[in-house]
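This report concerns only the one structure given below.
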Amino acid sequence: MSTVSENISCANWSNQLSVHAQGDYKYSGRDSLVFLVDASKEMFIKGENGEPTNFDMTMQCVRSVYTSKIISSERDLVALVFYATENSKNPQDSFKNVYVFHDLDSPGAKRVQEVDSLRGEKGAKLAAQMLGSGPTSLGDALWCCSNLYSDIRLRLSHKRLMIFTCRDNPHDGDSGHDLSARTKAGDLKGTGVVIDLMHLVKPGGFDVSLFFCDIISPPEDAEELGLQLEPSDLTASLLHLSLGDGVHVAVGLYVLVRTATKPAPIRLYRTTNEPVNTKTRLFHMQTGTLLLPSDTKRSQVYGNRQIVLEKDEVDELKKFDEPGLFLIGFKPVSRLKLHHHIRPSLFIFPEEEMITGSSCLFTALLRKCSERGVFAVCKYTSRRNTPPRFVALVPQKEELDQNQTQVTPAGFHLIFLPFADDIRTLDVHQSPTANSMQIDKMKEIVQKLRFKYRSDAFENPVLQQHFRNLEALALDMLEAEAIEDLTKPKVDLMDQRLGSLVQEFKDLVYPADYNPEGKTATKRKPAEAGGGAEKKPKVEVSEADLRAHVEKGTLGKLTVPVLKEACKQFGVRTTGTKKQELIDSLTEKLSK
Amino acid sequence: MARSAALVLCMDVGFSMSDSAPGLQSSFEEAKKVIRKFVQRQVFAENKDELGLVLFGSDGTKNPLADGGQYQNICVHRHLMIPDFELLKEIQNDVQPGSKQADWLDALVVCMDLLQKETLGKKYERLNIAMLTDLQSPVSDDQLDTIIRNLKRAGITLQFFLPFPVDVEQSGMGGDEAGGDGPGSKPLPHGGKGLTREQQQGLKLVRQIMTSMEEEEGLEEVYTFSSAIERLSIFKRIERRPMAWPCQLTIGSALSIRIVGYKAVTEERIKKTWTVVDAQSHKRDDVKRDTVYCLNDDNETEVTKDDTIQGFRYGSDIVPFSKVDQEQMKYKSEGKSFAVLGFTKQSLIQRHQFMGSQVVKVFAAKDDEHAAVALSALIRALHELEMVAIVRYAYDRRSNPQVGAAFPCIKEKYECLLYVQLPFAEDLRFFSFPSLENNKKFTASAEQLSAVDSLIDSMMLMEEDGGEPQDIFKVNHIPNPQFQRLFQCLQHRALNPNAPLPAMEPWLQAMLERPQVVTARCRTQLQEVRKRFPLTEVVHKKEQKTSADVFGKGNAEEPEAKKSREDEEDEFSVAGIAQGVTAVGSVNPDKDFRALVRQKSIPFGQVCQELTCRMEQLLGTKNPHYYSKCICSIRAFREESVKVGNAEFFNSYLQSLKRSVPDRGLQYFWDSLVHDGVMLISKDEVEGSTVTKEESSQFMTTAEKVEAAAPVDEEDTGDVDDLLDMM
C-alpha cells in the first residue's frame, strides 16, 4: 500500500515503522514483521550517479528497523526472507528459490551484524555467493512466510509482511505463478497478516497496477489492523468513578504520556556474563541470625525522641479510602491554573465491561463538561494503602484528521492538583518593567524565531546516546554512532535570522557598559586560579561544641562537610550522605 | 543559615487562671493546650527555630532579674533551645497552676531580657514573644514607654493570647475578635459576666502596646485561646526555603538575560524516611542489610559483588556495560542552561502533556534592573502575542537536559516566566480508542443530558456571594492528609509508646470529603441521574469466589434446588458408611461428625467437642488446603445443630473462633466463611438460641471493636493559614 515516492529515504521510513511500534508491549501482544526481499539481479544494479543498489538500500533499512525495534520494543518479532534466490534455505527445504535468512524472532546484536554483512560492496559479493539470483515464485515465498507465522506459539497483536522489490511484474506475465501468488496472499490476509509493498527505484517507474495491487492489503485494512489497539490491553487499572449516593461508573485509567527512562541494568557474573539473581536479607549484627520481617520495626527520630512503629502500622498510616475516584464537584476551566502541576497526567475512558451503562453516563458527563467549560474535581486513591490526591478531570473531545483517523480520543485527562504543602512561598519583589518600545522590539525577535511546536519533535538525547552506546558495544563497533541533539539551540541559524535585532534590543534595555555575563564570571575566577578542591579549608568542630549542639538539637545548623568531618572524627559509620542521616548518626553516637 | 527564629512563650500560671465557669475549661488549661499544640507542631516542623518558656504567677522565682523583691514569681522554665519531646513532657507534667500572681509587664521584661541575652552574637530572622494570660494580675505601667521603645529597638514582635477577644468592649459580649476566628468562638469565661477592672485596664495596655508597635495591624496579633487551639490542630505544612537557581536565559549567541529560577510547585515529601530497626532493641545498628548475588543454577551458587558487572538488554542479547564505561560514554550536557530554541503559540502546548514533577518560576536576577527590564520585555511580548518560549533546560552539568515551555505570567505584584517540562518523543504513546460520540449505543437522550446538566449546576464548587464567585474547595489550601496523619500517629506513639495508633482526626476526614453544602444541594439531582441512567455492575464469574472455588472443591455454588437434592443423597450415603465410625477423624471430619450424630451413641456435646478439636488442629496448620475441610465441617456442625435443636455449642464455637481470627491470622478463612453465608444460629431457627436473625448476620461482618477511639480535639474549620506566621 505504500504510496511512497521513488526516492524515499530509508531513515524516514524506518522512523515511521518505529512510531507504529510505540504501543507498550506490557499491555499488548507482540508485533511481528516479516521482510520479504527480492534478491533478483535487478536489485543489485547500481544507480547512475553511484547511488547504492536497491538491495543495499533495503539492507540499510532493515538494519535500522532492527535497531529501533531493539530500543523501543525488543520483544517484537522480525524475520528476513529473500525470494528469487538461487539457493534455498527454509524449514524442510520444501520451497525452491526462497531463502529464510532470519526466522521470526526478537532481533539481537548478532542479527544486526548479519544484516550488516550484506551491506555495501562486500555485502553484494556475499549475497551473490550465499543467495544467488534465480527464478521467481512469489507464491512459494508467501507460502513459506505463512509457515513462519504458524510456527509461532506467542500471541501476536500485529502481523505485517513487507515486500521489497523493484520489479513490478515479477513473473513476467506467467499467469500460473501470478495466480498462485494471489491465492497465497489471500490466505495470508485471511489470517490477519497485513501485506505492504515497498517498491524501489525502477527505471521507467513502478506500476503497482500490473500485479502487486492484488497482493497487498487495501489501505483501510492496514489502518485498522496496524494501528488500532484494544484499549483494554493498555489499561493501567480499572476503577469506579463514584458520583455519590451509590451512583458508580466504571473507568479505565490509561497512561498516554510517561517519562521514558533507561532500562534498569542487569547484574552479570563477570566470567560468564550470565545474569545473577540478587537477594537482600537482613541479619542481626551481633548474633548473625537471619531477621524475618517480623523481627524488625520501623523508626524515626523527632524532637530527640525515637518513635517506633510496626511495619504494618507504617502501611496502615497511608490507608484512607478504597481505590477509586470520588467526585467532589465542578469548577470552571479557568480555575485550573498553569502552575497546578506536580506529575504527568493520566487519561480515563469508560469501561463498559465492568458496569454496563458506564459509557452512556460518561459520554453525557463529558459532553456537558466540555460544553459548559467546566472540569470535575475528584478525590483519587490509586491503590489500597495509598493516600488520596485531588485531581482535575478535564474533558477532551474526539478529534479526527482529514483521513478520519483519530488524533485525540474522547475522554477525561486526569491532572494532579497540588496540596498546600506542594506550593512553595517565594520572596517576590517588584522590579522595573519594560516600556512599549522595548516590548515591541522583543516581539520582533519572537516573531523571527517562531516555529510550530510538535510534542514528538524532540528526542531525548540521553536515551538516544545510551542506546547508541549499547549498540556500539553489542555490535563491536569502534565508536558509537553520533546522535543529533535536538535539545540544543541552533545558534547560528537563530543569529542569522535575528540579524541586527539583537543589538537593537540590547541598545534599548542594556546600558553600554553592561555585561549580562559579567558578575557570575568574576565570581568563578578565584576558584579556578587556586586549583579547586585543595583550597577548601579543613572544617572541624570541637567535641564540646558538638555535644552542645546535640544537646540543644541544633546539629542541623552545621553544614554537611562539617558534619561529615565530625562523623569521621568520632568514627561514626555513615552510610548515607543526606544531612538528616548524618545528624541522626551523630546524635546517636554522642548521646550515648 | 541564620534564617531561624527565636521565640519565648510566656504563660501566666497565676491563681486566677485556674478559675473556670462550670462546664468550661479554665484559662490555665486552655493556655497550656495552646502551648502544647504549638510545641508539637514545632517538633514535627523540624525547623531550627529556638524556643524558650517563661512562667509567671508561679510559686517560685527563677530569673536573672529577680533582685530585692523585684520580678518575683517569674520563672524561666526553659532557655532558648530547639523544642523536643522533653519539653513536651515538661509542659505536660511540670507546668502546674501557681498560687500567686505576677505583673505581666514584668514577665514581658524577663522575656525580653532572655531573648536579648541568648541571641547575642547570633543572627535570627525573627524574635518573638507570645504572651498567654487572662490579664487578671495588677500591673504597674510606669515603665510602659521604655518597654515599647526597647521592643522596637530590639526588633522583637509580640503576640497576645487571651481568654476573650480584644474588641470585647466595643462589640459587646461574645463578639468576634480581631483575629478573625469564626464559629469557634466560645462564650466568655466567668459565664459572660464581663471583665474585671484589672482585665479592662490590661486590655487597654495591650491595645496601647500593640498599636504603638504595629499601628492598626497590631491588633491582629491578639488571639483568643480557642481560635489558637483550632488552628494549631493542623500540623504545619512542610516548608522549604526555595533554592535560587541563577542562570542565563539565552536567545541565540548574542542575547542573554541574567535570571534566577525557583521551584514554585513540586510534590513535597517527608524529609525523614523510616529506618529499619531490630524489634527488640530498637537499634538500627543491630540490623545489617546483606545483599547476595547468586547464579541461576540448581545450587544458587553465591558469587561476590566484585565478581559481577552490570549489563543492559539489547534486543535478545545482554550487553555487559560497566559503570565506568557507561559514565565515560554517556551523554554529556554542557552545564546549566536556559536556552530558547524558538517561540510558538500557547495553544500548541497541551495542558495534559506537562511532564516532570515541578513548575519553575523564572525571575530576573536579583538587584539587576537591566536584566529585569530585558526579561519584562520578553514576558510582555509573549503575553501580548499569546506565545511561549520553548527552551532547553539543564539544571547543572550532571543532570539531564529537558525541553520545556516558558509561559509568561503577569501578576499584580510581579511578573515571571513559568517553566514546565514537555515530553520527548519517547515519552508519548499513541493509542486509539473507540469513538464515544458516534456510537449510538452511548448517546444520551435529551432527558439524560439535562439530568447531567442540573447535576453539574448543583455540584458547582463556586459560591456566588454577591460579587466575585468564591471557590469553596481550594485544593491548594488543603494540607496533604498523608503528612497530617503521619504526624498525628508519630506524636501519639511518642507520647503513648504502648497504645495502638489513634483513629483519623474527624476534621481531616471531613476536609477530604465533598463540602456539606454541595452534598445537601445535589441530592435530588443525583437521584435523577440514578433514575435516568441504568447502571448495572457486571458480575464476572472470576470475582464470585466461594471457598469452594478457592480451595478447589466444586459443588458449593450450585443452584439451590440441585444442591439440596445432592445434600440428601450425600446424607444417604453418609448413613450408609456410618457403621463403624467411632470418632471424628481428620480425613472426612464432616462426614464422621454427621454419622456420629446420627448414631446417637455419644452425647451431642461430646461429638461437637470432638469436631471442634479436629478443626482446631486443621486450622492450626494454617494450610489453606485444609480450610475447605473446616468449612465443610462447620457447615455440617451448623446443619446438625439446627436439626438437633441445639444452638449453644455451635454459636459459642463460632464466637470464640471469631475472637481468635486476628491472632491466628485466619482472616482469609473467616472471609470465606462469611462468603459462604455461615452465620450464628438465630432464634428463628432454634428456639434456645439467644441471638436474633439480625445479630447473627451482623456478627459475621462487623469487625471486633479494636479500641475506643482516641480522644479527639475540637472540630476544626479547616483554615490552613499558618498560625505559625502569627507566632
Side-chain angles (χ1 to χ4, degrees), chain A residues 70 106-109 245 260 265 267-268 276 280 283 285 298-299 303-305 307 328-329 339 341-342 345 357 359 361 363-364 368 387 390 406 409-410 413 417 419 421 428 431 433-434 438-439 442-443 446 449 451 453 456 458 460 462 465 469-470 474 487 489 491 494-495 502 509 516 553, chain B residues 43 82 84-85 237-238 252-256 267-268 274 277 286 288 291 293 307-308 310-311 314-317 319 329 331 339 342-344 348 352 354 359 372-374 376-377 380-381 392 400-401 403 414 424-426 432-433 436 442 444 452 459 461 475 480 482 494 514 526 533 535-536:
Chain A
I70 284 171
S106 44
D245 278 353
R267 202 154 272 288
L268 306 175
V276 295
T280 304
F283 286 99
M285 198 65 172
R298 303 292 178 269
S299 115
N304 290 335
R305 175 158 317 181
I307 306 169
I328 303 285
H339 65 265
H341 168 68
I342 47 166
S345 65
S359 299
L361 180 48
T363 313
K368 279 292 158 195
F390 289 101
Q406 193 175 64
H413 289 291
L417 299 173
F419 282 121
D421 305 75
V428 286
S431 32
T433 52
Q438 293 159 330
I439 297 171
M442 185 48 102
K443 277 189 189 165
V446 169
L449 300 176
F451 75 112
Y453 172 81
D456 57 359
F458 297 96
N460 185 340
V462 177
Q465 184 69 58
N469 290 342
L470 279 184
T487 68
V491 177
M494 290 169 81
D495 288 349
V502 169
V509 294
Chain B
V43 166
I82 289 182
D84 51 19
F85 275 99
R237 74 189 174 109
I238 296 190
S253 67
L255 182 53
S256 60
E267 198 169 334
E268 211 56 73
W274 293 98
V277 297
D286 283 348
K288 186 172 172 260
T291 307
Y293 303 95
D307 283 335
T308 66
Q310 71 165 18
Y314 182 78
S316 52
D317 307 302
V319 182
M329 292 170 74
Y331 175 86
F343 299 97
T344 197
L348 290 173
H352 57 265
F354 281 11
V359 176
V373 172
S376 165
R380 284 169 185 261
R392 169 195 163 99
N400 297 339
V403 169
Y414 64 92
F424 283 118
E426 292 91 336
S432 31
F433 289 82
L436 284 179
F442 305 147
V452 170
M459 285 173 79
L461 297 169
V475 175
N480 189 337
Q482 180 183 3
R514 182 181 291 163
L526 260 176
F533 290 90
L535 294 162
T536 358

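To find a chain, count down the sequence lines: A is the first, B the second, and so on, and within it residues start at 1. Note that the coordinates shown come from a computational prediction; the quantities given were computed from them, not determined experimentally.
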Checklist outcome for this item: Assert top hit (heavy-atom pairs under 4.5 Å, partner chain B, pool A/N460, A/L449, A/D456) equals A/N460
Checklist outcome for this item: Highest number of heavy-atom pairs under 4.5 Å with chain B among A/T487, A/T363, A/V509 belongs to A/T487
Item to check | Under 4.5 Å from any heavy atom of chain B - which part of A/V446 | outcome: both
Checklist entry - Between A/A260 and B/E426, what is the shortest heavy-atom contact and its length? => result CB-O, 3.6 Å
Checklist entry - Do you know which of A/A410, A/S431, A/P387 has the most heavy-atom pairs with chain B at a distance under 4.5 angstrom? => result A/P387
Checklist entry - For the residue pair B/T308 and A/R267, what are the closest heavy atoms and their distance? => result OG1-NH1, 2.7 Å
Checklist outcome for this item: Greatest number of non-hydrogen atom pairs under 4.5 angstrom with chain B, of A/V502, A/L417, A/D495, falls to A/D495
Checklist entry - In terms of heavy-atom proximity below 4.5 Å to chain B, should A/M494 be classed as side chain, backbone, both, or neither? => result side chain
Checklist entry - So, for B/V452 and A/A364, which heavy atoms are closest and what is the spacing to 0.1 Å? => result CG2-CB, 3.8 Å
Next on the checklist: To the nearest 0.5 Å, what is the distance between CD on A/Q438 and CZ on B/R380?
Outcome noted: 11.0 Å
Next on the checklist: Among A/H339, A/R298, A/H341, which residue has the highest count of heavy-atom pairs closer than 4.5 Å to chain B?
Outcome noted: A/H341
Next on the checklist: Is B/V403 in contact with chain A via its backbone, its side chain, both, or neither, using a 4.5 Å heavy-atom distance?
Outcome noted: side chain
Next on the checklist: Please classify the contact of B/Y293 with chain A as side chain, backbone, both or neither, using a heavy-atom distance under 4.5 Å.
Outcome noted: both
Checklist entry - If you take all heavy atoms of A/P516 and B/S256, which pair is closest and at what distance? => result CB-O, 3.4 Å
Next on the checklist: Is the ring pair A/H413/B/H352 parallel, tilted or perpendicular, if the boundaries are 30 and 60 degrees?
Outcome noted: parallel
Checklist entry - Within a strict 4.5 Å, meaning less than it, do heavy atoms of the B/V43 and A/N304 side chains meet? => result no
Item to check | Reported OH-to-CD distance for the pair B/Y331 and A/Q465, which is rounded to 0.5 angstrom | outcome: 9.0 Å
Checklist entry - So, the side chain of B/N480 versus the backbone of A/D421: is there a donor-acceptor pair under 3.5 Å, distance only? => result no
Item to check | Engaged part of B/F533 at the chain A interface, taking heavy atoms whose separation is under 4.5 Å | outcome: side chain
Checklist entry - Any idea which heavy atoms bring B/T344 and A/Y453 closest together, and the distance? => result OG1-N, 3.2 Å
Next on the checklist: For B/Y314 versus A/A474, what's the shortest heavy-atom pair and its separation?
Outcome noted: CD2-CB, 3.6 Å
